[in-house]
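First the structure, in the form of structure tokens, and then the observations on it.
Counting convention: from 1, in listed order, for ligands and their atoms alike. Given the structure is predicted, the values throughout are model-derived calculations rather than measurements. Both backbone and side-chain heavy atoms feed into the values below; hydrogens, waters and symmetry mates do not.
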Amino acid sequence: MIKTAYYQDLTKMNTFGMKVKARCFIEYDSVADLVDIEFEELARPVLHIGGGSNLLFTDDFKGTVLHSKINFIEIISEGPDRVLVSVGAGVVFDDFCDWAAKEGLWGVENLSYIPGEVGASAVQNIGAYGVEVKDVIKTVYCYDTVDEEFVNFDVEDLEYGYRDSAFKDPEIKGRYIVTHVVFALSRTPQPKLDYGHLKEAVEATGAELTPLLIRKVIIKIRKEKLPEPSVMGSAGSFFKNPVITADHFACIEAAAKAELGADYKVPHYDLPDGTVKVPAAWMIEQCGWKGKRSGNAAVYDKQPLVIVNYTGEAFPEEIISLERRIIASIKAKFDIIFHPEVEHI
Ligand code: EPU
């Protein structure tokens with residue numbers, strides 16, 4: 001069924017809680033509905049949203065917003081170990097994680113409690129605690145709005161990178177609508193506990209290692225660090241973690257040691273190609289932004305990589321002004337240009 005609305009309020013459809021409207025809003029609940037939508041005739045631009053958890057609406061949307069309610073989770077093949085599961089694009093990603101953990105299937109437990117829906121997860125290559133969704137995706141099924149046909153892409157063809165995929169390529173952006181995703185999960189235990197203090201946190205429970213246990217531990221960690229969208233609006237991490245050269249990192253480390261003491265260690269991850277990933281959260285904290293409020297917007301006190309709609313009344317301009325000032329101070333102190341992870345609409 002296709003539902004169409006005009007001048008639709010989007011406040012509850014973006015986790016930042018921006019009070020904006022869409023000129024036209026279309027929601028559909030089956031793969032077949034896509035064939036009936038006249039894409040040529042829709043008010044432009046066209047934006048397909050998932051859970052609206054990685055978007056910053058900067059104004060009312062002048063075109064058409066589409067949303068999928070394709071909601072199914074179905075085991076399509078079951079080998080001795082590998083289990084293929086087909087999941088509709090409109091399924092809340094964490095509902096899928098919950099289902100998999102309860103089925104005793106390994107693969108998505110580290111991705112627990114990330115906001116958003118399955119369709120968007122395959123576009124954005126969501127990731128957390130050392131796992132990216134591309135690690136478990138097998139095939140992404142789509143509707144091609146240009147050639148008006150159903151197509152599918154194997155994971156190898158989607159050029160997945162850090163929060164990136166071929167779907168984000170400016171030349172084809174918006175052309176393909178994800179209808180469902182086939183994930184390859186596993187019955188054999190495959191715990192991935194190398195990220196941060198995850199291993200200690202899991203071992204501290206003393207319980208048997210299951211996907212459900214890891215899921216519970218991750219949900220607890222995330223609840224401690226990240227704001228609950230229903231309580232305080234945000235879009236999760238606002239910036240990407242920058243990757244810099246080893247020389248550049250050496251300069252930053254020398255400056256930090258001069259400022260904070262010779263024993264001070266700058267958090268970082270050495271990447272295989274010799275470059276260095278430095279947590280944006282650390283840099284934002286060093287620039288004094290942690291917990292800072294600016295009008296109705298603020299830098300979250302428990303995780304400064306997150307900009308929050310502190311009062312629930314923030315205007316897009318307030319978020320953008322804070323973003324600009326953070327970018328400028330990071331450039332001045334570290335000579336690094338931050339890039340937002342959140343998509344500005
Ligand atoms: N840190 C500080 N000060 C702070 C907080 C953190 O210096 O106040 C430093 C610490 O050194 C910490 C490091 O930042 O070890 C990294 O923090 P964390 O492990 O929380 O991860 P992150 O880099 O901030 C990324 C993803 C998150 C994902 C977590 C966990 C990005 C942009 N963000 O955050 O994804 O949940 O790792 O895997 O890659 C999201 O995309 O919206 C998101 C929340």
Does Lys302, backbone or side chain, put an N or O under 3.5 Å from an N or O of ligand 1?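 No: no nitrogen or oxygen of Lys302 is under 3.5 Å from one in ligand 1.
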Evaluate Lys240 for polar contact with ligand 1, using N/O atom pairs at a separation under 3.5 Å. no
So, do [X] and [Y] have ring centers that fall under 6.0 Å from each other?
| X | Y | value |
| --- | --- | --- |
| Phe334 | Trp282 | yes |
| His268 | Phe249 | yes |
| Phe25 | Phe61 | no |

Please state which option from Trp289, Tyr129, Tyr269 has its nearest heavy atom closest to atom 16 (C) of ligand 1. Tyr269
Regarding atom 35 (O) of ligand 1: of the candidates Lys290, Glu132, Arg163, which has the closest heavy atom? Arg163
Please check: side-chain N/O of [X] versus main-chain N/O of [Y], any donor-acceptor pairing under 3.5 Å?
| X | Y | answer |
| --- | --- | --- |
| Tyr160 | Ala122 | yes |
| Asp98 | Lys102 | no |
| Glu318 | Phe315 | yes |
| Asp154 | Asp157 | no |
| Lys292 | Gly288 | yes |
| Ser86 | Val182 | no |

Does Tyr162 have Lys277 sitting over its ring (NZ/CZ under 6.0 Å from centre, angle to axis within 45°)? yes
Short list, please: which atoms of ligand 1 are under 4.0 Å from a heavy atom of [X]?
| X | answer |
| --- | --- |
| Trp282 | 2 (C), 7 (O) |
| Gly236 | 42 (O) |
| Lys225 | 18 (P), 19 (O), 20 (O) |
| Phe239 | 32 (C) |
| Glu341 | 40 (C), 41 (O), 42 (O) |
| Pro267 | 11 (O) |
| Pro304 | 4 (C), 5 (C), 8 (O) |

What's the shortest distance from [atom] to any protein heavy atom, and which residue and atom give it?
| atom | value |
| --- | --- |
| atom 9 (C) of ligand 1 | Pro279 CB, 3.9 Å |
| atom 19 (O) of ligand 1 | Tyr195 OH, 2.7 Å |
| atom 36 (O) of ligand 1 | Arg222 NH1, 2.8 Å |
| atom 3 (N) of ligand 1 | Glu285 OE1, 2.6 Å |
| atom 1 (N) of ligand 1 | Ala281 CB, 3.7 Å |
| atom 43 (C) of ligand 1 | Ser237 OG, 3.0 Å |
| atom 23 (O) of ligand 1 | Asn241 ND2, 2.8 Å |
| atom 24 (O) of ligand 1 | Gln303 NE2, 2.9 Å |

Would atom 6 (C) of ligand 1 count as contacted, meaning some protein heavy atom under 4.0 Å?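 Yes, because at least one protein heavy atom sits under 4.0 Å from atom 6 (C) of ligand 1.
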Is there a protein heavy atom less than 4.0 Å away from atom 12 (C) of ligand 1?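 No.
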Val306, Ile320: one ILVMFWY side-chain cluster at the under-4.5 Å cut-off?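 Different clusters: Val306 never reaches Ile320 through Ile, Leu, Val, Met, Phe, Trp or Tyr contacts under 4.5 Å.
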Do [X] and [Y] have side-chain atoms, one donor and one acceptor, less than 3.5 Å apart?
| X | Y | value |
| --- | --- | --- |
| Asn125 | Ser165 | no |
| Asn152 | Thr139 | no |
| Glu74 | His180 | no |

Which segment of Ala128 sits under 4.0 Å of ligand 1 when only heavy atoms are counted: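 Both of them.
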Under 4.0 Å, heavy-atom basis, I'd like to know which part of Tyr162 is in contact with ligand 1: side chain, backbone, both or neither.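 For Tyr162, the contact with ligand 1 is made by the side chain alone.
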